[in-house]
A.B. asks: 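Encoded as structure tokens, here's the structure I'll be asking about.
All values reported here derive from a predicted model rather than from experimental measurement. Sequence positions, counted from 1, serve as the residue numbers for this chain.
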Amino acid sequence: MHLILLCVFLPLVTVAQGQYGDYYYSPYNYGDNDEWVNVYRQGFNFQCPHGQVIVAVRSVFNKKEGSDRLWNYACMPAAQSLGEPTECWWEEINRAGTEWYQTCSNNGLVAGFQSQYFPSVLDREWQFYCCRFSRRCPYSCWLTAEYPGHYGEDMDMMMYAYDYYIRGATTTFSAVDRDRQWKFIVCRMTEYDCPFQNV
């Protein structure tokens, strides 16, 4: 009886694995020995290799180090259906000590971050490095949960689903905790060129 059930269900499991097995990213490689891209109270510039986009963000907070964070990022190649990036650019600077909301203009995807620490505010200013892939357009966009869950906590945000991309973020800043919470703007992208662009 068990052999019959095995013969019936094994092909079903194999087909399901073939259909759905590739839709989740494997664990992210944040670089050699999980090195951070910055040191406390210093600026940094991180860009994914050509054709790749940000898929994970990791950070730890330290109140004794000027209420600053160490940061690390993981990149993965964009889906082949998007093709190669047609242009990349730095977005406007988001000032330290303020709340802000920003998406990559021109239907771009986040492929890097640049940040500078300001000791007078105990916060950082931020810029997104964005890349546009042909004339693909975003759809099915949503905001992630807050990262970190509470001010002062460690942060580990990962994109688990394939074909979802970070297009920007909205952040809140606590003047009491001198820390920032992030909600990332995540979208799918069309597999065809579309006639419009966001501003």
Side-chain angles (χ1 to χ4, degrees), residues 25 28-62 65-78 82 85 87-119 121-133 138 141 143-149 151-160 164-174 178-187 189 198:
Y25 292 123
Y28 297 108
N29 178 3
Y30 283 100
D32 298 332
N33 301 320
D34 283 345
E35 293 177 3
W36 302 104
V37 299
N38 68 309
V39 295
Y40 290 114
R41 304 179 196 185
Q42 297 295 314
F44 69 87
N45 177 322
F46 178 86
Q47 294 178 31
C48 292
H50 180 77
Q52 296 189 18
V53 293
I54 299 286
V55 292
V57 180
R58 187 178 193 188
S59 179
V60 295
F61 181 79
N62 190 326
E65 289 288 348
S67 294
D68 197 14
R69 288 181 168 273
L70 295 177
W71 293 91
N72 204 344
Y73 304 96
C75 303
M76 289 198 65
L82 294 183
E87 63 179 314
C88 297
W89 65 93
W90 287 103
E91 282 291 344
E92 295 292 320
I93 294 174
N94 294 290
R95 299 292 174 203
T98 64
E99 297 181 1
W100 49 265
Y101 176 99
Q102 185 175 50
T103 57
C104 288
S105 60
N106 206 17
N107 297 326
L109 304 176
V110 176
F113 290 89
Q114 182 169 274
S115 181
Q116 185 64 42
Y117 180 79
F118 287 88
V121 189
L122 298 179
D123 190 27
R124 293 180 164 275
E125 69 178 16
W126 291 91
Q127 263 184 302
F128 293 141
Y129 182 67
C130 301
C131 291
R132 177 182 179 200
F133 289 78
C141 298
L143 286 172
T144 65
E146 290 179 332
Y147 290 95
Y151 294 112
E153 292 181 347
D154 291 350
M155 171 176 166
D156 202 357
M157 190 287 297
M158 295 185 226
M159 298 296 300
Y160 288 104
Y164 282 88
Y165 302 98
I166 299 172
R167 294 226 37 252
T170 181
T171 70
T172 57
F173 179 71
S174 169
R178 310 313 291 179
D179 194 19
R180 192 170 284 284
Q181 285 182 306
W182 297 68
K183 287 184 179 181
F184 294 92
I185 302 161
V186 177
C187 300
M189 298 297 280
N198 71 328

A.B. asks: Over all heavy atoms of both residues, which pair between Tyr117 and Gln42 is shortest? Give the atoms and the distance, please.
C.D. replies: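 Distance-wise, the nearest heavy atoms are CB-N, 4.2 Å.
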A.B. asks: When Arg69 is tested against each of Asn62, Asp154, Asp179 for side chain to side chain donor-acceptor pair (under 3.5 Å), which residue passes?
C.D. replies: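 For Arg69, the side chain to side chain donor-acceptor pair (under 3.5 Å) test succeeds with only one of Asn62, Asp154, Asp179, which is Asp179.
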A.B. asks: What closest approach, in Å, do Ile166 and Ile54 show between heavy atoms, and which atom pair accounts for it?
C.D. replies: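 Taking every non-hydrogen atom into account, CD1-O, 3.7 Å.
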A.B. asks: Do the charged groups of Asp123 and Arg95 touch, with an N to O distance under 4.0 Å?
C.D. replies: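 Looking at Asp123 and Arg95, the cut-off is not met.
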A.B. asks: Exactly one of Tyr147, Trp126, Tyr101 should register a ring pair (Phe, Tyr, Trp, His ring centres under 6.0 Å) with Trp182. Which one does?
C.D. replies: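 So, applying the ring pair (Phe, Tyr, Trp, His ring centres under 6.0 Å) to Trp182 and each of Tyr147, Trp126, Tyr101, only Trp126 qualifies.
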A.B. asks: Provide the closest heavy-atom pair for Gly168 versus Phe128 in the form atom of the first, atom of the second, distance.
C.D. replies: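 Heavy-atom minimum between the residues: CA-CE1, 3.8 Å.
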A.B. asks: Under the disulfide bond (SG atoms under 2.5 Å apart) rule, what do Cys130 and Cys104 come out as? Steps first, then yes or no, please.
C.D. replies: CA-CA 6 Å; Cys130 301; Cys104 288; 2.0 Å; yes
A.B. asks: Return yes when atom CD of Glu92 has more than 12 non-hydrogen atoms of other residues, nucleotides or ligands closer than 6.0 Å, and no otherwise.
C.D. replies: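 Open: at most 12 neighbouring heavy atoms sit under 6.0 Å from CD of Glu92.
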A.B. asks: Locate the shortest heavy-atom distance separating Ala111 from Gln52; write the atom from each residue and the value.
C.D. replies: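 Between these two residues, the closest heavy atoms are CB-O, 3.6 Å.
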A.B. asks: Are Phe113 and Tyr129 near enough that their ring centres are under 6.0 Å apart?
C.D. replies: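 Here the rings of Tyr129 and Phe113 have centres that are no less than 6.0 Å from each other.
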A.B. asks: Carefully, step by step, assess Val110 and Phe184 under the rule side chain to side chain contact (heavy atoms under 4.5 Å, CB included).
C.D. replies: CA-CA 10 Å; Val110 176; Phe184 294 92; over 6 Å; no
A.B. asks: For Thr98 versus Thr171, what's the shortest heavy-atom pair and its separation?
C.D. replies: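 For Thr98 and Thr171, the tightest heavy-atom pair comes out as O-OG1, 4.4 Å.
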